[in-house]
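These notes concern the structure reproduced below.
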Amino acid sequence: MVQHRVGYAPGVYDLFHVGHLNILRHARSQCDYLVAGVVSDEMAALAKGHKPVIPLTERLEIVRSVRHVDAAFVETVPDKVETWQQVRFDVIFKGDDWRGTEKGERLERDFAEVGVEVVYFPYTVHTSSTQLRRALDVLVSRPGALSAP
């Protein structure tokens, strides 16, 4: 029987952009089956300090529709190993902004114990949801900026 390599690419995937697409494309190229973990609104608020702009159901539908994704999973717990117990993936993909950080090293230690490989991909510097959110905030804060003519 042929062993299939299952990959897991967690993210908030808010204000979906080319950086998200790049991670999912690269992740799919390194596994046979890709599960995208879409972080719930509550978990995103805990991790980032604010809720996503796009609601979970819409983010889930967007990510599910990407051709590189075989399945989408709603991530509702902060512990990635607990998520692994539900999804059972062989490799987890993260942006390289995690590499060498305390949270990245903890992730590597925790997953080494259960035999899951951690693979980092280059972070898309020129586009991020944070930058898009800031641009939206500036537009919304201008008097009459987004009102209809």
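- Chaining together hydrophobic side chains whose heavy atoms lie under 4.5 Å apart places Trp98 alongside Val6, Tyr8, Tyr33, Val35, Phe73, Val81, Trp84, Val87, Phe89, Ile92, Leu107, Phe111, Val114, Val116, Val118, Tyr120.
- Put simply, CD1 on Ile54 and CG on Leu60 are 13.5 Å apart, with the number rounded to the nearest 0.5 Å.
- Arg106 pairs by the salt bridge (Lys or Arg N to Asp or Glu O under 4.0 Å) definition with Glu102, not counting sequence neighbours.
- Taking every heavy atom of both residues into account, Ala27 and Leu34 meet most closely at CB-CD1, 3.8 Å.
- Here CG of Leu24 is found 11.0 Å from OG of Ser29. Values are rounded to the nearest 0.5 Å.
- Here the shortest heavy-atom pairing between Asp14 and Pro52 reads OD2-CA, 3.2 Å.
- In plain terms, the two heavy atoms of Val63 and Ala36 that are nearest each other are CG1-CB, 3.3 Å.
- A chain of hydrophobic side-chain contacts below 4.5 Å, direct or via other Ile, Leu, Val, Met, Phe, Trp or Tyr residues, connects Tyr13 to Leu21.
- With rounding to the nearest 0.5 Å, the separation of CD in Glu108 from OG1 in Thr101 is 8.5 Å.
- Residues satisfying the side chain to side chain contact (heavy atoms under 4.5 Å, CB included) criterion with Leu46, sequence neighbours excluded, are Met43.
- Evaluation of the side chain to side chain donor-acceptor pair (under 3.5 Å) rule for Asp41 yields Arg59 as partners, not counting sequence neighbours.
- Contacts of Glu117 classified as side chain to side chain donor-acceptor pair (under 3.5 Å), with partners at least two apart in sequence or in another chain: Arg5.
- Considering every non-hydrogen atom in both Ser40 and Val74, the closest pair reads CB-CG1, 4.3 Å.
- Counting only heavy atoms from C-beta outward, the side chains of Cys31 and His4 never approach each other to under 4.5 Å.
- If you take NZ on Lys51 and CD on Glu42, they are separated by 5.5 Å, rounding to the nearest 0.5 Å.
- Among pairs with a residue in residues 65-80, those fulfilling salt bridge (charged side-chain N to carboxylate O under 4.0 Å, His left out) read Arg28-Asp70, Glu75-Lys80, at least two apart in sequence or across chains.
- Under the 3.5 Å distance criterion, the side-chain polar atoms of His20 are matched with a main-chain donor or acceptor of His17.
- Placement of Val39 and Val66 in two distinct hydrophobic clusters is found when ILVMFWY residues are connected by side-chain heavy-atom separations under 4.5 Å, directly or transitively.
- Here the CZ-CZ distance, from Arg99 to Phe121, works out to 10.5 Å after rounding to the nearest 0.5 Å.
- In the hydrophobic cluster analysis, where Ile, Leu, Val, Met, Phe, Trp and Tyr join through side-chain heavy atoms closer than 4.5 angstrom, Phe16 is grouped apart from Val12.
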